[in-house]
Amino acid sequence: MDYETVMKLALERGFYFPSCEVYADAQAGFWEYGPTGVGLKNKFLQLWRRELIRRDGMLEIDGSQIMSKSVFEASGHLGNFADPIIKCSKCNSTFRADKTIAEITKIEIPESADLIEFDNAISQNNIKCQKCKGDFEKTKNFNMMFKVGIGPEEEEAYLRPETCQSIFVDFPRLYKTMRGKLPLGIAQVGKSFRNEIAPRQSLLRLREFYQAEIEVFCNPTKLDVVEKFEEIQDVIIRIQTDSEPVVITCKEGLESGVIPNKFVAYYLGILTEFYEKTGIDVTKSRFRKLGEKEKAFYAEVAFDFEVETTIGWLELVACNYRSDYDLTSHATKSKEKFEIMDGDEKVLPHVFEISMGIDRSLYTILEHSLRDDKEHERIVLSLKPYLSPTHVGILSLVKKDGLKEKTDQIHLNIKRKFDAFLDHSGAIGRRYRRLDEIGAPFAVTVDHQTLEDDTITIRKRDSMEQTRINISELDSILSESIAFP
RNA sequence: GCGGAGUUAGUUUAGUCUGGUAUGACGUCAGCUUCCCAAGCUGAAGUUCACGGGUUCAAAUCCCGUACUCCGCACCA
């Protein structure tokens, strides 16, 4: 289904909508999750915990969103997470300084260079605005981090641009107190903040967004000692290096050298298995190996997990081999010890990161799950039952003759255990349609026969089939059907 | 940020050129009816027309500014 239809559903059915929308000064790039969106997000994260955190025995933490300046001096974000930009004084167009200079003069100035170097290059080569021939103002640094002032003195701090910095900073304590052993995954779900120049397309390009990040700490000399590798060696992945993506198993990817080692292969494998279970069509996915220029400043090897949607390929996860970049920088800056013992060996661990964009993943789940059932004139959100915000609709065929009371009773009995939605009003078909649109996999209906023999009908969302069951069976049928795989 | 196009109820939309306080559909709510797939009937609520300013006796409509959305450019850890 296309972006427009997903957007309309999101607005009409409470998945997500713009923040602060009643005010004229609402800024772009901020969106709220409504009740159905939160339901989906919570269940998505539950699946993430099952398939990655628990499966691999990782630790999960919940760190601060505001972090001190030193953290980002060490991480490199204050220096590298900024673009040198130049603005035309005549037409107000903004350009990247380094790119504009390189384009016109072939002089390559690194983006982290002193700003005066850009100004010099511009004046020496008489570079003018490519649009209107106007003069440029002085080069400025545009940092993508939000700065905040702490306390009455407004001490400098920043909203984190990625959640993982707390994981690196906390690593020494966690390793010691949680009896860590390499390889050790530490994970975190939370908000990150980036001051994007042009946020766009609702959940796909936000200024405040959710990440689910995993940092796996490992001994760099043992990257091919991974016992669990067998679990995923036959998992099929699509991997793209230069040209077309190839469809291979993890084992083949490792043997052909496309994947650098067993360690990385294992995590690409379990990540793929996770996404299969979200209902995203993984035959439309690829791991794209990034070239030198595309990689983040801290990455040694990088694979982006991308999925094809109606608006093109969308990056859902960044998998970066960050080596000891982060631990070394934090050790140097803080003068704390980040080495640990791995057996008899003293080692500064390397890090492989699985940095997942939650918002983009949720959008993709919606887009891949939504279908237009023309035959029955309905829109159906065919979510996996365990991800559905509402598990079951509890409906009375009509309100009178005691059916309402009977229905209320059934709802009362199951509402703590399941996400159940009680509905008495309107035509029954209309109520079924509404449940279809929010992806409720089941609807049970109380009719006149219920009063005689305690049976109800249970309707399946995708097939619209109905079967008659005894009320006493409902709990076990639902439990089984909505269980995580 | 730049350029273009837009913004009227929960959604979709008429009206904007030619100024006279807004139209339909769907949806929502209540009731009746039907009694298992968006049926029908009756009734109701909901838009100070994105926001701010100007012109005018009078502005959804004309003018200016701002924000947001979409498309393209640029950017994208």
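Sequence lines set the chain letters: A, B, ... in the order given, protein chains first and strands last, and positions in each chain run from 1.
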message = Quiz question: by atom type and distance under 3.5 Å, do the side chains of A:Glu208 and A:Tyr210 form a donor-acceptor pair?
response = no

Mark yes or no for a side-chain to base donor-acceptor pair under 3.5 Å between [X] and [N], with no hydrogen or angle criteria applied.
X	N	value
A:Arg459	B:C36	no
A:Glu21	B:A67	no
A:Gln466	B:C36	yes
A:Arg468	B:C36	no

Between [M] and [N], how far apart are the [atom1] atoms? Round to whole Å, please.
N	M	atom1	result
B:U21	B:A25	C1'	23 Å
B:G53	B:U47	C1'	22 Å
B:G31	B:A45	C1'	15 Å
B:A22	B:U61	P	14 Å
B:C17	B:A50	P	15 Å
B:G27	B:U11	C1'	7 Å
B:C29	B:C73	P	44 Å
B:G19	B:C70	P	34 Å

Please work out if [X] contacts a base, only the sugar-phosphate, or nothing of the nucleic acid, heavy-atom cut-off 4.0 Å.
X	answer
A:Tyr3	sugar-phosphate
A:Arg205	base
A:Glu353	nothing
A:Ser192	nothing

key: A:Glu73/A:Lys69 ion pair, N-O < 4.0 Å   = yes

ask   = Is any side-chain N of the basic residue among A:Asp447 and A:Arg468 closer than 4.0 Å to the acidic one's carboxylate O?
value = yes

query = Does A:Met356 reach the side chain of A:Phe274, with side-chain heavy atoms less than 4.5 Å apart?
reply = yes

task = Please say whether the positively charged group of A:Arg160, taken as NZ for Lys or CZ for Arg, lies over the ring of A:Phe193, i.e. under 6.0 angstrom from the six-membered ring centre and within 45 degrees of the axis.
result = no

task = Determine: side-chain N/O of A:Arg430 to OP1/OP2 of B:A39, distance under 4.0 Å, yes or no.
result = yes

message = Test your reading of the model: is there a side-chain donor-acceptor pair from A:His391 to the backbone of A:Ala420, 3.5 Å cut-off?
response = no

Among [options], which nucleotide sits nearest the side chain of [X]?
X	options	answer
A:Tyr432	B:C76, B:G31, B:C36	B:C36
A:Met464	B:G31, B:C36, B:C37	B:C37
A:Ser425	B:G31, B:A30, B:C37	B:A30
A:Arg434	B:A67, B:C29, B:C36	B:C29
A:Lys400	B:C37, B:A30, B:U33	B:U33
A:Gln27	B:C68, B:G31, B:C76	B:C68
A:Leu397	B:C37, B:U69, B:C36	B:C36
A:Glu12	B:G31, B:A38, B:U11	B:U11

task = Please figure out whether A:His77 or A:Trp31 has its closest RNA chain B nucleotide nearer the 5' end.
result = A:Trp31

A:Ser355 or A:Lys8, whichever maps to the more 5' nucleotide of RNA chain B = A:Lys8

Heavy-atom neighbours of A:Glu32 CD exceed 12 at 6.0 Å = yes

May I have the distance from [X] (atom [atom1]) to [N] (atom [atom2]), rounded to whole angstrom?
X	N	atom1	atom2	answer
A:Glu196	B:C73	CD	P	17 Å
A:Met144	B:C75	CE	C1'	8 Å
A:Ile379	B:U11	CD1	C1'	13 Å
A:Phe442	B:C37	CZ	C1'	17 Å

request  = Syn or anti for B:U34, please, going by whether the chi angle lies within 90° of 0.
outcome  = syn

